[in-house]
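Here's the structure, in structure tokens; my notes come after.
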Amino acid sequence: MPAPSLADALPSPFDGVRAHMLEEVMMVVAAAQQLIATLLLPSQYTTMPGNQGFVNAAMKTVMAAHVPEILREAGPAGLSVEDIAAKSNMDAGKLARLLRMLSTYHIFKEVSPDIFANNRISASLDTEKPVSEILRDPDNKYTATSGAAAFTALICDTAKAAAYIPDTLLDPKTARSQELTETAFARAWGTDEPYFKWLHQPDNVARRRTFDAAMTGLGTLGNPKEILDGFEWGKLPEGSVVVDVGGDVGTAMQVLYDEHKHLKYVVQDREPVIAGAHTFWKTHRPEALAFNQVTLQAHDFFAEQPVKNARIFFLRAITHNWPTPYVLRILAQLRSAAAPNTQLVLAENIASYACRASSAANGCGLEHGGPGAAPHEAPEALLPNWGLAHDFVYTMDIWMLLSYNAQERTIKSFVELLGQAGWKLERVHRAPGDKFPRLVASPA
Ligand SMILES: C[S@@+](CC[C@H](N)C(=O)[O-])C[C@H]1O[C@@H](n2cnc3c(N)ncnc32)[C@H](O)[C@@H]1O
């Protein structure tokens, strides 16, 4: 197979097989980053995180100016920066500098002086919609797309709040806060509302729709079927009830439903989300609602849990959205509603330490989580947590911090958290490349 090219805007055949050689890819990426850190002057290397702020700002600007879409319509020969700037109402000289810096980071390609084209990476920022359609309805630019570009747009937007992390963490008034309103995000935008309330303000319509599309994009980054592994769903008795708490429209339950028809499913979320869930199931699996195999239920997970006969409470990407005192309230409601045989399955990112698991001093021991708790480490000489090849969990962690005072957790903090809410962690399942490893707990 030819090596994937950074010059073409077309997908590479490599994209199709990449998932089957994930470990080799991760090894090369981690090693490449380690070589950069080794070979640059330390003082050069430390300027790189600062530079990434500039890259981020450039990317946000060109995406807001629809440059990836303009360049798709221009084709592989590219377009002069004057023509791109005319279409996006920008200064050509300034736009050229943004595009040249991004091309230096392999995002876009300068085909000849001041002529730019998409490459494989900038093409991933493309919504694939006609520019005319985007200009007609800019609030819905990312609606009904794969969500991949929306996810990057959301990250770029979030970077503004990231700039306020030092002010927030060094101010004694907010340094130790576990409140949803005392965050870098609130400081950046001058709001005293929690993130999601702010997001639903009328002047944030475009941002909210980008967020919704980005969540779809997030789902496509990993393997949505990974939840089938790590728990023996097939061995649960006929008619066992699985409750997806904060399940959004129920995409996780759809995967389980397709595979395990002997179970009954309840998808719970906030009222407006459940309204959308009805449309989702009626469109994709109408028979599931008709035969009462799937129930959709508006429920606030801070209130008393109405399902008292659950065999499984399933939560995916929920605990990472909330500061610890709030997560304890959610888990305690589930514990109060649990029967002796109820199990809790959390599908969450797990933050590995940046040291070897054998280093007891860093608390990375099997004793904290049982089988599966040990992370799949990179071989010696590389950082055990795979460095840049696995930075997603750490960048998400800081994202959760700045938006909600929330966090991604280590196994050790999951054990403590679950213990405080009356649950005992029994086992952990994480396979290489898993997006949301599964943690299985029982009433303590
Ligand atoms: C990150 S999403 C995860 C969605 C889903 N579990 C998944 O993995 O696709 C968080 C979900 O929590 C829901 N949520 C937020 N606050 C809630 C509350 N108080 N009660 C119930 N659900 C809530 C949101 O509506 C959203 O669907």
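Computed from heavy atoms alone, side chains included, the values below leave out hydrogens, waters and symmetry copies. In each ligand, atom 1 is the first atom listed, and ligand 1 is the first ligand listed.
- Given atom 4 (C) of ligand 1, the protein heavy atom at minimum distance is Gly246 O, 3.4 Å.
- Looking at His299 against ligand 1, only its backbone comes within 4.0 Å, counting heavy atoms.
- Scanning all protein heavy atoms for the shortest distance to atom 20 (N) of ligand 1 gives Phe301 N, 3.0 Å.
- Ligand 1 places these atoms under 4.0 Å from at least one heavy atom of Val273: 25 (O).
- Scanning Ile274, Val267, Ile318 for the heavy atom closest to atom 12 (O) of ligand 1 points to Ile318.
- For ligand 1 and Asn321, the ligand atoms under 4.0 Å from any heavy atom of the residue are 1 (C), 10 (C).
- Checked against the 6.0 Å centroid threshold, Phe185 and Tyr404 do not count as a close aromatic pair.
- Considering only non-hydrogen protein atoms, atom 24 (C) of ligand 1 sits nearest to Asp269 OD1, 3.5 Å.
- For the residue pair Thr395/Asp391, the side-chain donor-acceptor check at 3.5 Å is not satisfied.
- A donor-acceptor contact closer than 3.5 angstrom links the side chains of Thr127 and Glu69.
- Annotation: atom 8 (O) of ligand 1 to nearest protein heavy atom, Arg316 NE, 2.7 Å.
- For atom 19 (N) of ligand 1, the closest heavy atom belonging to the protein is Asp300 OD1, 2.9 Å.
- Of all atoms in ligand 1, numbered sequentially from 1 with element shown, those under 4.0 Å from a heavy atom of Phe302 are 19 (N).
- For ligand 1, the atoms lying closer than 4.0 Å to a non-hydrogen atom of Asp248 are 4 (C), 5 (C), 27 (O).
- Under the 4.0 Å criterion applied to side-chain N and carboxylate O atoms, Asp248 and Arg316 are not assigned as salt-bridge partners.
- Ring centroids of Tyr265 and Trp233 are separated by 6.0 Å or more, keeping the two rings apart.
- Using bins of under 30°, 30° to 60° and over 60° for the plane-to-plane angle, the ring pair Phe211/Tyr195 lands in the tilted bin.
- For atom 2 (S) of ligand 1, the nearest non-hydrogen atom of the protein is Ala317 O, 4.1 Å.
- Less than 4.0 angstrom separates some heavy atom of Trp322 from each of these atoms of ligand 1: 16 (N).
- Checked against a 6.0 Å centroid threshold, the rings of Phe302 and Trp322 count as neighbours.
- With salt bridges taken as basic N to acidic carboxylate O contacts below 4.0 Å, none links Asp167 and Arg187.
- A perpendicular orientation is assigned to the rings of His262 and His260, their planes being inclined by more than 60° (bins at 30° and 60°).
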